[in-house]
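Whatever order the structure lists ligands and atoms in, that order sets their numbers, starting from 1. Only heavy atoms go into these numbers, but all of them, side chains included; no hydrogens, no water, no symmetry mates. Here the structure is a predicted model, which means the values were calculated and not measured. One is the number of the first residue; the rest follow in order along the sequence.
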Amino acid sequence: MKFDTPATQNPIDQLRVIGRPTDRIDGPRKTTGTAPYAYERHDVAPNPTYGVVVGAGIAKGSIAAMDVKAAEAAPGVLAVVTARNAGKLGQGKFNTAKLLAGPQVQHYHQAVALVVAETFEQARAAAELVKIEYKAEPGAFSLAKARAGAKPPKADDGPGGTPPESRIGDFEGAYAKAAVKIDHTYTTPDQSHAMMEPHATTALWEGDRLTVWTANQMIDWGRGDLAKTLNLPKEKVRLISPFIGGGFGGKLFLRADVVLAALGAKVVGRPVKVALQRPLIMNNTTHRPATVQRIRIGTERDGRITAIAHESWSGDLPGGSPETAVAQTRLLYAGANRFTAMKLAVLDLPEGNAMRAPGEAPGLMALEIAIDEMAEQAGIDPVEFRAVNDTQVDPEKPERPYSQRRLVECLRTGADRFGWKQRTAPGQRREGRWLVGMGVAAAFRNNLVMKSAARVRLDARGVVTVETDMTDIGTGTYTIIAQTAAEMMGVGLDKVVVRLGDSNLPVSAGSGGQWGGNSSTAGVYAACLQLRELVARKQGMDPLKAVFADGAVREGGKSATLADAAGRDGLVAEDKMEYGDLDKKYQQSTFGGHFVEVGVDAYTGEIRVRRMLAVCAAGRILNPKAAQSQVIGAMTMGVGAALMEELQVDEKRGFFVNHDLAGYEVPVHADIPHQEVIFLDETDPISSPMKAKGVGELGICGVAAAVANAIYNATGVRVRDYPITLDKLLAKLPRVA
Ligand code: MOS
């Protein structure tokens, strides 16, 4: 069905199951270790072999010679797959660099060989014996240096695509005349997804048919790209990914593990398992690219913005794409004169790509410090400053209203709840050795909708089985899909079975861009409407009047249990939800306010996050328990971005030095004593029949700036270069006795 007019009353609004805090239906399997992850598919791929990936030891150049004889002769080794014996490979449309390189090398740790052996240990030992001579070429590894040659990128037409530049009114003129103004430059570093489960695949050939059990957020994209890379018809490839140990955008696309496992399995004629070795992941796969961002804002004396400009520079491999860090600045605040621009430099570092809230997450790291600085300059409380500059329409296209926008309510609710009134002037609050401060930032992330299909079956036991190729990357998708089917069919969660993550199932929205929750459940809604109609017609009932409740259907004095209605053969329905142009007529976004309290050690500069609060407005919250977990996780990740995370670039050799979980530290939930999440009670009928939006990315947006602003409030020291480590504070801390 097509969604092209705002939703009216529908069965989801009954809220018998939807909207209630619900435990994860897959929780018991995960906590008992019976939910199989990609690397663990011993059941389906017996007698497996093991592959270990060899990554390139240079960032740019070519392989002059490769000697694999010693590796091939090592105990247990079955094959060494390289570009020389892999056959002709294509390239998926979502990969900038090749997933098996040679002789050209495009980035450090790009895969150049897969050693396949009887055991993992044998493969690992033999991989050490592959001898490679390189012919290294000079590359560009420093964004600071490459920035001067950066050019406007080509317009991106993908989901959330955004033009390289926008101009409204006369920014320069208005900025020159502004009563109060700021002009600052901020930097954000390269970051890694650092998900728990490595990229992993088990590959099996049956004749010319390939099945891969792999960790991937987007089944249909992955299937298409794998077919393209291996020059196979898409129908010959099956991709299965029912459980995923975190993705954060790092598993949106095909990676080397799956291509190499497939090639290896072909060569040895047995299943091959490949898990990218942890120290390889950060250079071999994608990362969130570093940015340099210049922000200029001018206001009237009363704080109203008259001019706002945001320029961002980032780098990527040749043919790559920019970090869209200016995206939110086109939408978030009012102001008649506006200018945003992205510039892309060519870098020979590993491929930059999407990581949780690409664009907005690093963009708000800069913008929301700038807003704090601007508010201070104008002498206005930062919560009030944001309220003064609120807009209910797209500021670049005023004829487009927001479908719904309650940013100010998020901020005011948060201020009350957090005790914002107690905030002092910078550097004024002292508790023992701690300098204490509070910070605020707005959260903003667009709401994207994606076509999504599902199949639902009703069987003779009255059980509803939902099938779709949707993925659950740890977000709780299984549960909200079960809730949707239970609500639609009038059954309890115990009567719903959910099967996900298999390319044999109807093509879903997949998990990306925080569109998965709303879009995939909308597809299930569409399929369930069809099933309701089948059931009702079979009973001679009017489908529009039939009431589905308590495992039965009733209408006009007739009634039947769903089990009886299904009959011996059961009933099955399939449909998809597609979207018209409501997202063009209306700007659809999600909103929040982040509040943070930090303590900074007055002597050592050590920073502790003491309290955090997020107030979010994101349409109907389908499962408040899972949504709260999503936002808490995102807040924690935002603290990592503020204080810890940075891939250190070796600018001479062109690689990320701290490329494992020991060198690349991330905070965990337990590092922050108090985290609270509040959702405003709302529905957005313009987003879908679910009236929901996404929260998984909203939660990280603005967090790092709120931390930065709290550090400034605690110490009076403004740091504009992330991460905010103690060395950036120490020399500037107020002298204390
Ligand atoms: Mo997301 S960065 O689209 O997984």
Side-chain angles (χ1 to χ4, degrees), residues 93-96 156-162 188 190-197 199 214-222 225 241 243-255 281-282 285-291 314 316 320-325 327-328 350-365 443-452 469-477 500-501 508-520 588-590 618 630-631 633-634 637-638 640-641 645 666 693-704:
K93 77 169 178 176
F94 292 112
N95 297 112
T96 305
D156 166 14
D157 57 359
T162 176
T188 65
D190 295 289
Q191 295 177 341
S192 181
H193 308 86
M195 73 293 279
M196 284 172 75
E197 181 202 22
H199 300 72
T214 188
N216 191 293
Q217 298 172 223
M218 300 291 299
I219 299 288
D220 194 57
W221 291 2
D225 265 9
S241 196
F243 297 102
I244 300 168
F248 307 117
K251 293 172 181 165
L252 280 171
F253 314 111
L254 201 65
R255 297 304 321 166
I281 289 179
M282 289 169 184
T285 69
T286 60
H287 67 282
R288 192 202 295 283
T291 65
S314 61
D316 202 1
S321 51
E323 181 66 33
T324 55
Q328 72 291 318
E351 181 180 344
N353 213 312
M355 178 166 142
R356 200 175 200 168
E360 283 99 329
L364 287 162
M365 286 170 77
F444 176 92
R445 170 71 173 154
N446 278 333
N447 182 62
L448 306 170
V449 287
M450 292 280 268
K451 184 168 82 172
S452 199
D469 83 357
M470 184 58 190
T471 51
D472 187 328
I473 58 176
T475 42
T477 316
L500 301 182
S508 73
S511 298
Q514 82 169 7
W515 64 62
N518 178 47
S519 299
S520 69
Q588 292 185 30
S589 304
T590 60
Q630 276 293 293
V631 176
M637 204 165 172
E645 292 185 51
V666 298
K693 297 182 189 172
V695 298
E697 297 189 328
L698 175 68
I700 194 176
C701 289
V703 175

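Looking only at atom types and distance, the side chain of T590 has a donor-acceptor partner in the side chain of Q514 under 3.5 Å away. Checking N216 against S241 by side-chain atom types alone, no donor-acceptor pair falls below 3.5 Å. A donor atom on one side chain and an acceptor atom on the other are not found under 3.5 Å apart for S520 and S452. Inspection of the E323 and T291 side chains reveals no N or O donor paired with an N or O acceptor under 3.5 Å.
Residues with a heavy atom under 4.0 Å from ligand 1: Q217, F248, G249, L252, A354, M355, R356, P358, G512, G513, E697.
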(request) Tell me, with the steps shown, if E197 and K251 meet salt bridge (charged side-chain N to carboxylate O under 4.0 Å, His left out). (result) CA-CA 10 Å; E197 181 202 22; K251 293 172 181 165; 3.0 Å; yes

(request) Report the C-alpha distance between D469 and S508 in whole Å, list the side-chain angles of each, state the deciding distance to 0.1 Å, and finish with yes or no for side-chain hydrogen bond (donor to acceptor under 3.5 Å, both in side chains). (result) CA-CA 5 Å; D469 83 357; S508 73; 2.6 Å; yes

